[in-house]
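Please read the structure below before turning to the comments.
Source: prediction; values computed, not measured. The figures here come from the full heavy-atom set of this structure, side chains too, leaving out hydrogens, waters and symmetry mates.
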Amino acid sequence: MTLLIILAVVFGGVALMVILGEKYGKPMEAQEQQKYSKWLVILVFIMLFAALINQII
């Protein structure tokens with residue numbers, strides 16, 4: 001029963017984020033999206049490298 005309550009709360013939170021994001025969110029400009037894309041690739045590489053080192057040690 002507890003699992004169903006947790007799943008309902010998580011589902012409700014995600015639904016709330018989607019609804020509010022669609023209502024108040026604005027489209028991202030191309031330059032801003034390109035800037036975030038560069039940082040995202042670097043951060044994903046760092047996280048993969050950190051996970052690899054964590055598994056080795």
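The distance from the CH2 atom of W39 to the CD1 atom of I46 is 8.0 Å, given to the nearest 0.5 Å. E32 contributes atom CD, which lies 12.0 Å from atom CD of Q34 (distance to the nearest 0.5 angstrom).
Under the 4.5 Å side-chain heavy-atom criterion for grouping Ile, Leu, Val, Met, Phe, Trp and Tyr, L16 is connected to Y24 within one hydrophobic cluster. Under the 4.5 Å side-chain contact rule for hydrophobic residues, L48 and I56 do not share a cluster.
Closest approach of M28 to Q33, counting heavy atoms only: SD-CA, 3.6 Å.
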